[in-house]
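These notes concern the structure reproduced below.
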Amino acid sequence: MHVDIPRVLVWPNQDIFKHGILAGFPASFGTAENLSKFLMYCRSKGKNGWPSVCYAIWESYAQRHFNMSHDLAHLFFESCRHICMSMKDTSAWEDRYASCSSEDTKSRMRDKVSVNTIHLALYMYSQNVTLMQTQKFSLRSEEFPTDRKAKKKSIDVRFIETFLSDIIHILSEPDSKGLPLDKQSMTILNITSLGIMFTVYTENSIRPLHEVLQQQSHASVCSFSKLTQSFNTQQVRTWLLDHMHANPFTSKRCLMHGKTVYQKPGRPLRRSSDISLDNGSTNTLTRCRITVNDHETPKEHRLLAMQYVSRQISVLSPETLLNHRVHVTHCNDASVYLLSSMKCISVKQCSRTTLVTGPVSGTLYLTGCISMRIICIARRIVLRNCHGCKLYILTPTRPLLLAGCNDITLAPYNTFYRGLAGHLSHANFTVVRNLWDQPASPMCPDGDGGKVYQKLPPEQFHLFSIPFNTEGTTTGLVNKLPPEYEAGTLRARERVNKWYDNVQKCDLSESQTAQLASTLQARFHDWLESSGHHKELEALIKLRDKS
């Protein structure tokens, strides 16, 4: 379906406004005036503060001027770093950090790690978007837009339109802050940094903001001066507002107009294998949709949307998922396998579902989920309003447990599939350290999870076997298990081997062996029925036969 759209569209960067917002901190942290002072302070610190600020400078300033705890300052810094920097850049730092031989060297490396100073200031300011939901935002004297047209816009678009002047004020040069906007200028460096807040779509591709503004048709509108390499600030503000638009590549649009991946059971499946667990009942299946928007979307925003997968196993091919953003909603009593390298995954309002993923180069974001089992490798993992979920994870950053989370169980990553090594390489994901057991929960008084989470007892830890084959060379776990969990898996293996040895030592007759086998089989079938796993087993048999 072809859609006529303007030549240039600008919308808020979804990596920041959907996956990077950490609600719950005082708005005074991120006022335009406070962040302007922060930038001035960073300029005075020379190369340690400008154009990139090292962590030691940020931590000191945040604790003294923003009254942040050490954990909260580190949380914002690391979140900004992993959202605004590429996986390749952060992985290179992880490699160097892992090669350090002493704790002193590691401490110095942590203090010297840096992020773009303006990116950090803009990221901090963007945190205030959550307060727009309560209509209590008071960073400026302007009132919230109350007309119906404004209310139909998404919160992030309303936020940008209402407070764009403040955002630009943060970027203003120190010697021009008292001047009107039409008398101020913005350098290409400032425009480049401002681009982190926006996605710019033109000529069927995503382009950096500073490149688009330097094109002849837009440079003249924004009064670009080749001599000073700067733009008129007021004209840039007007241009951004004129081209501001809602994100046209949402999951809702993908579900409505995307190409269908899912097909009803009994027909040949072109791009996925979805097998019903309720013997062909169509009540659930007619609601289930799995779609992609590859046909109308630039590669940076390719999306796979999945909703209402219920009582079934969904196995999506690696080619379908590669480099996609994935949106999963309202899945219940299902098993979903997403075994490929993906940009990010958003999971909303799902329950009693097992989700197994390949490497995620961005964020795995869970919202409103109940009794989920998540087995994943992800750069960032964020949970909000989740209850009773078990996470078996491999992540180089601390998992974030935000407001509304409780009874979260954490454990190290416990599976592999043959194509995993190739997908890790494709995502530039280096398995150096796993911070699965160091969650951050800024909503809790102690700042370190409180009673929100617990670690899975080692005696309850088991390796997860993916019940089908994929192409590749990986034959074992890519992560080293903690000693207590490694010992637990060995003990479980020893118990099974000991049981087999005991049976062999009994020297049973042929009839006794048959009776034992019959008893075990009956007990196993009883367990399958009582646990509900018999439907899953039947579906796996169908999946094996089809493949």
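Quick caveat: nothing in here was measured; it's all calculated off a predicted structure.
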Can [X] and [Y] be counted as an ion pair, charged N to O under 4.0 angstrom?
{"X": "Arg253", "Y": "Glu296", "value": "yes"}
{"X": "Arg81", "Y": "Glu78", "value": "yes"}
{"X": "Asp333", "Y": "Arg352", "value": "yes"}
{"X": "Asp15", "Y": "Arg380", "value": "no"}

Audit row: Asp71, Ser69, side-chain hydrogen bond (donor to acceptor under 3.5 Å, both in side chains) steps and yes/no: CA-CA 5 Å; Asp71 281 345; Ser69 65; 5.7 Å; no
Any side-chain heavy atom of [X] within less than 4.5 Å of one from [Y]?
{"X": "Met372", "Y": "Thr354", "result": "no"}
{"X": "Tyr123", "Y": "Ile83", "result": "yes"}
{"X": "Thr357", "Y": "Ile375", "result": "no"}
{"X": "Met197", "Y": "Ser126", "result": "yes"}
{"X": "Leu304", "Y": "Arg325", "result": "no"}
{"X": "His327", "Y": "Leu303", "result": "yes"}
{"X": "Tyr337", "Y": "Tyr417", "result": "no"}
{"X": "Arg493", "Y": "Asn497", "result": "yes"}

Arg433 to Tyr97 six-membered ring, cation-pi geometry met (6.0 Å, 45°):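 Because its charged atom sits under 6.0 Å from the ring centre and within 45° of the axis, Arg433 does stack over Tyr97.
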Distance flag, aromatic centroids of Tyr392 and Tyr413, threshold under 6.0 Å: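 Here the rings of Tyr392 and Tyr413 have centres that are no less than 6.0 Å from each other.
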Trp58 and His74 aromatic centres sub-6.0 Å: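 Between Trp58 and His74, the centre distance exceeds or equals 6.0 Å.
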Plane angle bin for Phe249 and Trp11 - parallel if under 30°, tilted between 30 and 60°, otherwise perpendicular: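 Rings of Trp11 and Phe249: perpendicular, as their planes differ by over 60°.
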Closest contact, heavy atoms only, Thr291 versus Leu255: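 Closest heavy-atom pair between Thr291 and Leu255: OG1-CA, 3.5 Å.
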CD (Gln460) with more than 12 external heavy atoms under 6.0 Å: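 Result for CD/Gln460: enclosed.
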